[in-house]
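Working notes, structure below.
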2 protein chains.
Amino acid sequence: MEALDLCADILKAMAQPTRLRIIKLLRDGEHCVCEIFPAIGHEQSNTSRHLQMMLKSGILKQRKDGLKIYYSLRHTEVLEMVGLAEQIVVHEAERTARLVKQKGSKS
Amino acid sequence: MEALDLCADILKAMAQPTRLRIIKLLRDGEHCVCEIFPAIGHEQSNTSRHLQMMLKSGILKQRKDGLKIYYSLRHTEVLEMVGLAEQIVVHEAERTARLVKQKGSKS
DNA sequence: TTATTGTATGAGTAAACAATCATGTAGTTG
DNA sequence: CAACTACATGATTGTTTACTCATACAATAA
């Protein structure tokens, strides 16, 4: 697999609202599935699939402890990337606001 | 639309090998579609769709000049994010290499 | 005007995705 | 052992994606 495809996989593993929510939850350290799925408001099975997906892409790691499986972020770069994406969103919001002001509102 | 969904849109706009190729092409400044699609080895229509997609997500901007339309990156953060994704890929490659060494190869 | 060039887009298709429900599995407790 | 808990996964479904081919549109040139 090419480096470009691997890069795309990393990005794809982050490019989904539910998964972004999970990533943000994991900012403060590891959490088990039974903590995560109520926190994000999705079914256990759905949450588990998202976690598996991010695990296989390499951005998460897991640690088993008895019945529970704790997931955590493997690379701090993931959080940096989310931060940059949020910056872009802010810039875009500012730009859109400027455009509306220039063109005038339609209400 | 929530900030989280907007973030996911930004990431999704980058999370595809062809689009990553385009983004890397645009590192050195603006290019028109007729330059981009031969460079990335895709059809003009397909290339145009990817460009439209990235334009609508806000990570690209366009400038018309006669018949040609020049696309360029709107936010430097996009390149920073690609750089971070590449770092993760390198870390993952190193980790996988270590695992193979530990477990021994199967050849 | 017509022809040409550069780009966008409708229609169609195969594949991937996200979600759900039901079920399976592994570890724990009684 | 059986019952329970935490998690993963098969089967299914509706939606989205990436791509192609053909065509439309817009600006320029003849």
Side-chain angles (χ1 to χ4, degrees), chain A residues 1-2 4-26 29-73, chain B residues 1-2 4-26 29-73:
Chain A
M1 206 176 191
E2 275 187 49
L4 234 134
D5 298 70
L6 293 171
C7 264
D9 280 348
I10 301 289
L11 286 158
K12 206 181 297 179
M14 306 171 58
Q16 211 275 345
T18 304
R19 289 197 290 273
L20 277 179
R21 204 174 291 276
I22 293 174
I23 289 169
K24 293 201 146 203
L25 236 177
L26 296 179
E30 62 180 19
H31 286 282
C32 60
V33 186
C34 60
E35 289 168 350
I36 298 172
F37 84 85
I40 64 173
H42 278 274
E43 297 227 335
Q44 178 270 322
S45 64
N46 186 24
T47 305
S48 182
R49 277 187 218 281
H50 281 301
L51 289 167
Q52 289 299 311
M53 194 269 203
M54 290 192 277
L55 183 69
K56 273 159 196 162
S57 82
I59 70 174
L60 294 191
K61 58 184 173 185
Q62 60 176 198
R63 179 181 70 85
K64 308 198 183 193
D65 183 13
L67 272 177
K68 298 185 180 180
I69 299 185
Y70 290 89
Y71 285 88
S72 56
L73 296 169
Chain B
M1 207 178 193
E2 276 186 49
L4 232 132
D5 298 71
L6 294 171
C7 262
D9 280 348
I10 301 289
L11 286 158
K12 208 182 294 180
M14 306 170 58
Q16 211 274 344
T18 305
R19 290 197 289 274
L20 277 179
R21 204 175 290 277
I22 293 174
I23 289 170
K24 293 201 147 203
L25 236 176
L26 297 179
E30 61 178 20
H31 287 282
C32 60
V33 185
C34 61
E35 288 167 351
I36 298 172
F37 84 84
I40 63 172
H42 279 273
E43 298 228 333
Q44 179 270 322
S45 63
N46 186 24
T47 305
S48 182
R49 279 187 217 279
H50 281 301
L51 289 167
Q52 289 299 311
M53 193 270 204
M54 291 191 277
L55 183 69
K56 274 159 194 163
S57 82
I59 70 173
L60 294 190
K61 58 183 174 185
Q62 62 176 195
R63 180 181 69 85
K64 307 198 182 194
D65 183 13
L67 272 176
K68 299 185 180 179
I69 299 186
Y70 290 89
Y71 285 88
S72 55
L73 295 170

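Protein chains get the first letters and strands the later ones, always in sequence-line order, with residue 1 at the start of each. Everything numeric here is computed off the predicted structure, so don't read it as measured data.
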Set of residues satisfying side chain to side chain contact (heavy atoms under 4.5 Å, CB included) with respect to [X], sequence neighbours excluded:
X     : value
B:L73 : B:I23, B:L26, B:L60, B:V78, B:L79
A:I40 : A:T18, A:R21, A:I22, A:L25, A:I36, A:H42, A:T47
B:P17 : A:L4, A:D5, A:A8

Drop me the distance from [X]'s [atom1] to [Y]'s [atom2], to the nearest 0.5 angstrom.
X     : Y     : atom1 : atom2 : value
A:Y71 : A:H31 : OH    : NE2   : 14.5 Å
B:I59 : B:D9  : CD1   : CG    : 10.5 Å
A:M53 : A:S48 : CE    : OG    : 13.5 Å
A:L51 : A:L55 : CG    : CG    : 8.5 Å

For this session: Over all heavy atoms of both residues, which pair between A:C32 and A:K68 is shortest? Give the atoms and the distance, please.
Result: SG-CD, 3.9 Å
Exercise. Which of residues 30-44 of chain B have a heavy atom under 4.0 Å from DNA chain D?
Worked result: B:H42, B:E43
For this session: Please work out which residues in residues 6-19 of chain B have a non-hydrogen atom less than 4.0 Å from an atom of DNA chain D and list them by number.
Result: B:K12, B:Q16, B:T18, B:R19
Exercise. Which part of the nucleic acid, if any, lies within contact of B:Y70, taking any heavy atom under 4.0 Å across all strands shown: a base, the sugar-phosphate backbone alone, or nothing?
Worked result: nothing
Exercise. Partners of B:E30 by side-chain hydrogen bond (donor to acceptor under 3.5 Å, both in side chains), sequence neighbours excluded?
Worked result: B:R63
Problem set entry | For A:K24, side-chain hydrogen bond (donor to acceptor under 3.5 Å, both in side chains) partners two or more places apart | A:E86
Exercise. Quick one: how far along DNA chain D does chain A reach, first to last nucleotide 5' to 3', anything under 4.0 Å to a heavy atom?
Worked result: D:dT5 to D:dA11
For this session: Rounded to the nearest angstrom, tell me the gap between atom NZ in A:K68 and atom P in C:dT29.
Result: 11 Å
Seminar exercise, completed: To the nearest angstrom, the CG-P distance between B:D5 and C:dA18 comes to 13 Å
Are there any protein N/O atoms within less than 3.5 Å of an N/O atom in nucleotides 10-13 of chain C, and if so, which ones and at what distance?
| unit_1 | atom_1 | unit_2 | atom_2 | d |
| --- | --- | --- | --- | --- |
| C:dG10 | N7 | B:R49 | NH2 | 3.2 |
| C:dG10 | O6 | B:R49 | NH2 | 2.0 |
| C:dA11 | N6 | B:R49 | NH2 | 3.1 |

For this session: Would you list the pairs meeting salt bridge (charged side-chain N to carboxylate O under 4.0 Å, His left out) in which at least one residue belongs to residues 35-61 of chain B, sequence neighbours left out?
Result: none
Problem set entry | Contact residues, residues 51-62 of chain B to DNA chain C [heavy atom, < 4.0 Å] | B:Q52, B:Q62
Any [X] side-chain nitrogen or oxygen under 4.0 Å from OP1 or OP2 of [N]:
X     : N      : result
A:H50 : C:dC17 : no
B:Y71 : C:dA8  : yes
A:N46 : C:dA18 : no

For this session: Take A:S57 and A:K12, measure what side-chain contact (heavy atoms from CB on, under 4.5 Å) needs, and give me the verdict at the end.
Result: CA-CA 9 Å; A:S57 82; A:K12 206 181 297 179; over 6 Å; no
Between N or O atoms, less than 3.5 Å apart, protein on one side and nucleotides 25-28 of chain C on the other: list the pairs.
none

